[in-house]
Amino acid sequence: MGFFVFLPLILPLTAVPIARLTEQHLHPRGAARLMTVISAVMAVCSVLCLGLIGVVGTAQIPGNPLPDSWSDPVVRHALPYHETVGTAAMWLLVLVAFTCCRTVVRHLRVRSRARRALAGLPEGPAGEEGLAVLPDRNPYAYALPGSPGRVVVSTGMLDGLAEDEREALLAHERAHLRHRHHRYLLTTQLAACVNPFLRPLQAAVAFSAERWADEESAQAVGDRRITARAVARAALVSHAAPAPGFAAFAAPAAAQPGPVPRRVAALLGPVPTARNWPPAKTPAGLAAMVAAAGTAASALCALNAAVALLLVLKAVTPL
């Protein structure tokens with residue numbers, strides 16, 4: 001196993017540059033998918049290596065449930081890790097499991113509460129099935145995933161938008177439901193729980209999901225300026241944060257001054273290219289290659305450590 005078993009724990013740092021540069025040269029759809037895959041692979045590798053370190057390091061602790069042969073001196077020589085490191089890895093795994101379970105439970109609880117709140121609420125007007133309009137002065141709008149999904153919007157938000165801007169808002173939220181953006185967000189949230197170095201990717205995927213829905217909205221209404229105006233006005237009138245964990249139309253401008261202006265600027269610019277990989281001779285292309293190399297190295301290190309551990313343990317375990 002050697003030192004390489006620890007590399008997957010720090011290799012997510014190789015993905016930080018792509019998280020900062022991907023929006024400049026990739027379509028938001030490709031950016032969200034690319035960074036979600038990178039996050040998921042690196043998170044799995046981190047968990048696997050923590051488990052391997054924990055098994056090796058705790059094999060000699062009295063009372064452990066592992067076979068006695070796993071604490072053989074031959075194993076200790078081949079896999080020389082102190083029990084303190086193994087114990088720390090096991091505690092980290094417990095912490096990772098707890099934070100991941102808490103994230104999933106919170107996500108499911110919010111969805112359940114939102115579903116109960118909408119129970120019995122009539123559908124929107126004809127042609128707007130799946131739309132739930134809440135009589136609330138607080139302006140907000142978000143996509144509630146499920147079977148079927150629903151677009152939830154308050155009267156406060158609708159009153160603050162013009163007719164064409166309302167159409168852009170609804171198209172944006174329907175794009176979140178159609179492309180299941182909540183899965184991208186939840187995957188990257190769990191990955192960030194596993195390895196804190198993946199948090200920049202979580203933020204980048206959240207922004208890319210909003211940009212992806214912005215582009216879908218602009219295509220639906222046929223005018224990018226209308227969508228840009230709707231995003232800007234919704235951010236100005238928003239005073240209450242949307243339900244946590246859901247993709248929202250516009251976060252409060254006071255809370256997040258950066259993403260909304262960047263989204264508006266992108267909508268006022270040209271249509272993004274449809275490419276799913278940035279040009280090689282650009283900073284984003286170099287960052288993508290570094291992230292891909294880091295992901296591949298993480299997977300290889302985790303696989304190598306797992307195979308090495310299995311071979312050694314098989315050699316010392318009696319049939």
Side-chain angles (χ1 to χ4, degrees), residues 15 18-40 43 103-104 106-107 110-111 114 140-146 149-153 168-193 198-221 224 227-228 230-232 234-235 238 241-253 255-256 258-267 269 271-278 284 288 291:
I18 191 61
R20 299 180 180 275
L21 296 174
T22 185
E23 66 182 86
Q24 301 176 11
H25 297 278
L26 281 182
H27 191 282
R29 175 183 59 250
R33 290 173 175 172
L34 173 64
M35 290 185 290
T36 300
V37 170
I38 291 175
S39 295
T103 298
V104 172
R106 182 172 62 243
H107 178 82
V110 169
R111 287 179 57 174
Y140 54 83
Y142 59 87
L144 177 61
R150 301 188 72 177
V151 174
V152 182
V153 59
L169 178 148
L170 297 179
H172 176 102
E173 298 303 339
R174 290 188 179 116
H176 281 315
L177 292 176
R178 183 168 59 255
H179 298 293
R180 303 182 185 277
H181 288 167
H182 64 282
R183 295 184 177 180
Y184 295 86
L185 300 180
L186 182 59
T187 298
T188 52
Q189 287 173 8
L190 293 175
C193 291
L198 292 172
R199 287 178 181 173
L201 288 177
Q202 176 190 355
V205 168
F207 177 77
S208 295
E210 293 301 327
R211 282 284 301 115
W212 184 353
D214 286 343
E215 294 298 329
E216 293 280 331
S217 173
Q219 186 176 5
V221 300
R224 297 172 63 80
T227 302
V231 171
S238 294
F246 295 148
F249 185 62
Q256 292 185 342
V260 169
R262 285 158 54 200
R263 289 170 58 192
V264 172
L267 285 166
V271 178
T273 178
R275 65 168 63 100
N276 292 320
W277 191 266

Contact summary for Cys193 and Thr103, nearest pair of heavy atoms
SG-OG1, 3.3 Å

Rounded to the nearest 0.5 Å, the NE2 atom of His172 sits from the OH atom of Tyr142 at a distance of 14.5 Å

State, with a plain yes or no, whether a side-chain heavy atom of Arg111 is found less than 4.5 Å away from one of Pro145.
yes

My understanding is that only residues two or more places apart in sequence, or in another chain, count here; which of them pass side chain to side chain donor-acceptor pair (under 3.5 Å) with Arg224?
Glu215

Can you name the residues that form a side-chain contact (heavy atoms from CB on, under 4.5 Å) with Thr188, not counting sequence neighbours?
Thr36, Ser39, Gln202, Val205

Closest approach of Val264 to Ala228 (non-hydrogen atoms, all atoms of both residues):
CG2-O, 3.8 Å

Ala284 and Ile18 have their tightest heavy-atom pair at O-CD1, 3.7 Å

If the condition is side-chain contact (heavy atoms from CB on, under 4.5 Å), which residues does Ala204 pass it with, not counting sequence neighbours?
Ala19, Met35

What's the separation between atom CG in Leu201 and atom OG1 in Thr22, rounded to the nearest 0.5 Å?
9.5 Å

How long is the straight-line distance from CD of Glu210 back to CZ of Arg262, given to the nearest 0.5 Å?
11.5 Å

Please name the pair of heavy atoms, one in Arg211 and one in Pro272, separated by the smallest distance, quoted to 0.1 Å.
NH2-CG, 4.1 Å

Run the side chain to side chain donor-acceptor pair (under 3.5 Å) test against Arg178 and tell me which residues pass, sequence neighbours left out.
Glu216

Is the closest side-chain heavy-atom distance between His182 and Leu186 below 4.5 Å?
no

Quick one: pull up CG in Leu267 and CG in Asp214 and give me the separation to the nearest 0.5 Å.
5.0 Å

Who pairs with Ala206 by side-chain contact (heavy atoms from CB on, under 4.5 Å), at least two apart in sequence or on another chain?
Leu185

Heavy-atom donor-acceptor pair, Ser217 side chain to Ala168 backbone, under 3.5 Å:
yes

In this structure, NE2 of His176 is separated from OH of Tyr184 (nearest 0.5 Å) by 12.5 Å

Using the test side-chain contact (heavy atoms from CB on, under 4.5 Å), find all partners of Leu177 that sit at least two apart in sequence or belong to another chain.
Ala143, Val151

What closest approach, in Å, do Leu198 and Ala191 show between heavy atoms, and which atom pair accounts for it?
CD1-O, 3.5 Å

Pairing residues for His27 by the ring-ring contact (aromatic ring centres under 6.0 Å, His included) criterion, not counting sequence neighbours
none

Which label fits His181 and Trp212: parallel for a plane angle under 30°, tilted from 30 to 60°, or perpendicular past 60°?
tilted

